[in-house]
Colleague: 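Once you've had a glance at the structure underneath, I'll fire off some questions.
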Amino acid sequence: MPDLTTTGAVMSGARAYAQAGVTARQIDVVQVYDAFTINTLLFLEDLGFCAKGEGGPSSKAAPSRPAGGWR
């Protein structure tokens with residue numbers, strides 16, 4: 001990992017998207033988890049669901065919920 005704000009999701013996400021033939025924009029449901037809040041936000045960024053550095057602001061602007069609505 002190049003720095004502390006980049007997770008393994010960069011590589012694993014790219015590989016998973018390639019295998020599935022989809023992009024983050026084509027995914028309707030995502031569940032990410034880590035015991036530390038910052039990692040969950042970094043995963044969302046590294047998987048392409050928001051721009052780098054925008055995980056916190058994006059989550060605050062459109063909170064995730066079971067009925068959807070985060071993008």
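On a predicted model such as this, the values are computed, not experimentally measured, just so you know. If you read the sequence from its start, that first residue is 1, and numbering goes on from there.
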Colleague: When you look at Phe49 and Ile27, which way does the side-chain contact (heavy atoms from CB on, under 4.5 Å) test go after all the steps?
Modeller: CA-CA 9 Å; Phe49 293 103; Ile27 296 177; 4.2 Å; yes
Colleague: Strictly by salt bridge (Lys or Arg N to Asp or Glu O under 4.0 Å), give each pair with a member in residues 14-24 just once, sequence neighbours left out.
Modeller: none
Colleague: Cut-off 3.5 Å, no hydrogens considered: what does the side-chain donor-acceptor table look like for residues 17-24, sequence neighbours left out?
Modeller:
from: Tyr17; atom 1: OH; to: Leu47; atom 2: O; distance (Å): 2.6
from: Thr23; atom 1: OG1; to: Arg25; atom 2: N; distance (Å): 3.4
from: Thr23; atom 1: OG1; to: Gln26; atom 2: OE1; distance (Å): 3.4

Colleague: Are the side chains of Ser59 and Leu44 in touch, meaning some heavy atoms are under 4.5 Å apart?
Modeller: yes
Colleague: May I have all residue pairs that pass side chain to side chain donor-acceptor pair (under 3.5 Å) and include part of residues 35-45, sequence neighbours excluded?
Modeller: Asp34-Asn39
Colleague: At what distance, to the nearest 0.5 angstrom, does CZ of Phe43 lie from OH of Tyr33?
Modeller: 10.5 Å
Colleague: My understanding is that only residues two or more places apart in sequence, or in another chain, count here; which of them pass side chain to side chain contact (heavy atoms under 4.5 Å, CB included) with Thr5?
Modeller: Asp3, Leu42, Lys52
Colleague: In Å and rounded to the nearest 0.5 Å, what is the CD to CG distance from Glu54 to Leu41?
Modeller: 11.5 Å
